[in-house]
Colleague: 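Take this structure first; my questions come after.
We name chains A, B, ... by the order of the sequence lines, and we start the count at 1 in each one.
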There are 2 protein chains.
Amino acid sequence: MENERDNQAPKKAGGRRPGSGRKLGTGNYLEPTTVLRVPVSQKPVLIDFLEAYAKKQRAQSSRANLDGIGDFELLPKELSKLDISLYQSKVAAGFPSPADDHVEKRLDPNEYLIDQEESTFFVTIQGESMLEAGLLPGDKAVVDKSKTAEVGDIVLAMVDGEFTIKTLAKQKDGNPKLLPANSSGKYTPIIITGEMQFEIFGVVIGSFRRFK
Amino acid sequence: MENERDNQAPKKAGGRRPGSGRKLGTGNYLEPTTVLRVPVSQKPVLIDFLEAYAKKQRAQSSRANLDGIGDFELLPKELSKLDISLYQSKVAAGFPSPADDHVEKRLDPNEYLIDQEESTFFVTIQGESMLEAGLLPGDKAVVDKSKTAEVGDIVLAMVDGEFTIKTLAKQKDGNPKLLPANSSGKYTPIIITGEMQFEIFGVVIGSFRRFK
DNA sequence: ACATTTTTTATTGTTACAATAATCAAATGG
DNA sequence: CCATTTGATTATTGTAACAATAAAAAATGT
């Protein structure tokens with residue numbers, strides 16, 4: 001029973017195969033991994049981060065064997081604008097996603113801001129009279145002309161041929177009154193009398209702005 | 001003779017003790033944990049993040065909630081398109097004519113507010129610390145994480161595990177500083193030191209809100 | 001009554017494991 | 001002989017399991 005080779009068995013490809021098998025560093029991160037205990041609520045956050053990290057690593061490795069010239073680098077416009085790179089390394093750089101108790105929802109600004117497209121228009125805020133209502137010069141006010149204005153609403157009104165955005169209020173005599181939202185005293189309430197031309201064009205249901 | 005303890009062997013405290021044992025949620029994060037496999041190079045980074053998170057959780061459990069950040073909101077897969085008229089409120093029409101005469105241009109809030117969809121998300125403003133920058137509680141801040149933060153920008157940052165929206169400034173020593181926009185004195189600047197965990201998540205490029 | 005010991009249960013870092021994926025060698029088939 | 005298939009082998013990876021520790025209350029001792 002020294003040699004069984006000649007014994008015609010359905011020959012399997014037996015024996016060990018040195019050098020075979022999956023190669024080191026062929027995982028998702030191109031580096032070894034370890035396990036870490038994390039709070040369950042943070043798991044999705046961390047997974048998101050790790051995905052971004054993995055993507056970055058893989059992108060870098062594929063770029064590595066391309067030859068050619070490197071990036072051009074310009075001097076920063078302002079030297080030492082801010083030295084935050086040091087801190088960034090302390091924590092996950094470029095954390096893209098929502099974190100901790102912050103629930104993730106999806107939001108479309110257009111849907112959020114506009115109820116009825118056909119009756120809505122925008123107006124650019126000019127003065128500072130509604131500053132304390134959070135309307136700064138340059139802000140775009142969302143005006144819906146189909147909505148009925150109630151006391152307390154911010155409205156776009158025309159008074160004697162002039163457009164204005166103010167808070168609608170009522171006088172004792174029942175006539176309307178337009179209140180600024182600015183306690184500096186620079187703006188005074190507009191008291192509407194019977195002789196004045198007055199029309200409410202719409203209700204300001206929202207606003208938006210760009211900072212940068 | 002009711003006492004027979006004298007010639008007994010050293011007694012053990014036997015028997016079961018219902019209700020005993022460590023209480024749930026008494027761990028580092030005050031919540032259950034799980035394990036996650038991570039690349040070894042990122043382990044210290046993640047541990048740092050988790051430490052900050054744990055610190056925040058423990059702090060929150062004791063003290064009440066000061067101003068912070070509300071939910072994160074992502075953009076929908078597909079943003080809606082709109083084309084709505086924009087008027088200038090300064091146009092002083094001498095006539096109570098329909099405002100349609102003063103059309104300036106057509107505007108889509110989504111296009112106006114968002115530069116790069118894939119790097120943008122929304123955050124709900126919580127406190128009044130940025131009141132004077134026109135950010136009221138409940139407002140949605142538009143955050144673009146692909147933009148580079150510069151001094152003077154309003155940024156979404158994380159400081160020791162806590163999110164905050166503040167104006168980015170610089171200390172004399174070059175370290176960053178986060179300034180509130182509220183002169184009431186209720187909010188103080190956040191001075192970043194080397195020991196603090198600090199990261200800028202993105203630049204607030206805009207905001208929007210609903211009034212009604 | 002108070003301090004100490006014992007028992008119980010949760011936490012937590014690490015190891016183990018099983019399923020999967022990647023890779024090469026041998027076998028197979030033209 | 002070369003391309004393809006099959007099988008063996010090894011790394012990866014998510015999860016389960018474990019042991020040591022920590023925390024909390026009951027039981028006991030003084």
Colleague: What does the B/S/- profile of nucleotides 12-20 of chain C look like, 5' to 3', with a 4.0 Å heavy-atom cutoff to protein?
Modeller: BBBBB----
Colleague: Say whether S184(A) and K186(A), considering side chains only, have a donor N or O and an acceptor N or O under 3.5 Å apart.
Modeller: no
Colleague: Show the nearest heavy-atom pair for residues V204(A) and L156(A), with the distance to one decimal.
Modeller: CG2-N, 4.2 Å
Colleague: For T33(A), what residues pass the side chain to side chain donor-acceptor pair (under 3.5 Å) criterion, not counting sequence neighbours?
Modeller: R37(B)
Colleague: Can you name the residues that form a ring pair (Phe, Tyr, Trp, His ring centres under 6.0 Å) with Y112(A), not counting sequence neighbours?
Modeller: F208(B)
Colleague: Kindly indicate, with the supporting measurements, whether the criterion side-chain contact (heavy atoms from CB on, under 4.5 Å) is fulfilled by I205(A) and D115(A).
Modeller: CA-CA 9 Å; I205(A) 62 168; D115(A) 294 335; 4.2 Å; yes
Colleague: Over how many whole Å does the gap from L30(B) atom CG to dA23(D) atom P extend?
Modeller: 12 Å
Colleague: Using whole Å, what does the distance between atom P of nucleotide dG14(D) and atom CG of L46(A) come to?
Modeller: 13 Å
Colleague: I need the NZ-C1' distance between K23(A) and dT13(D), as an integer number of Å.
Modeller: 19 Å
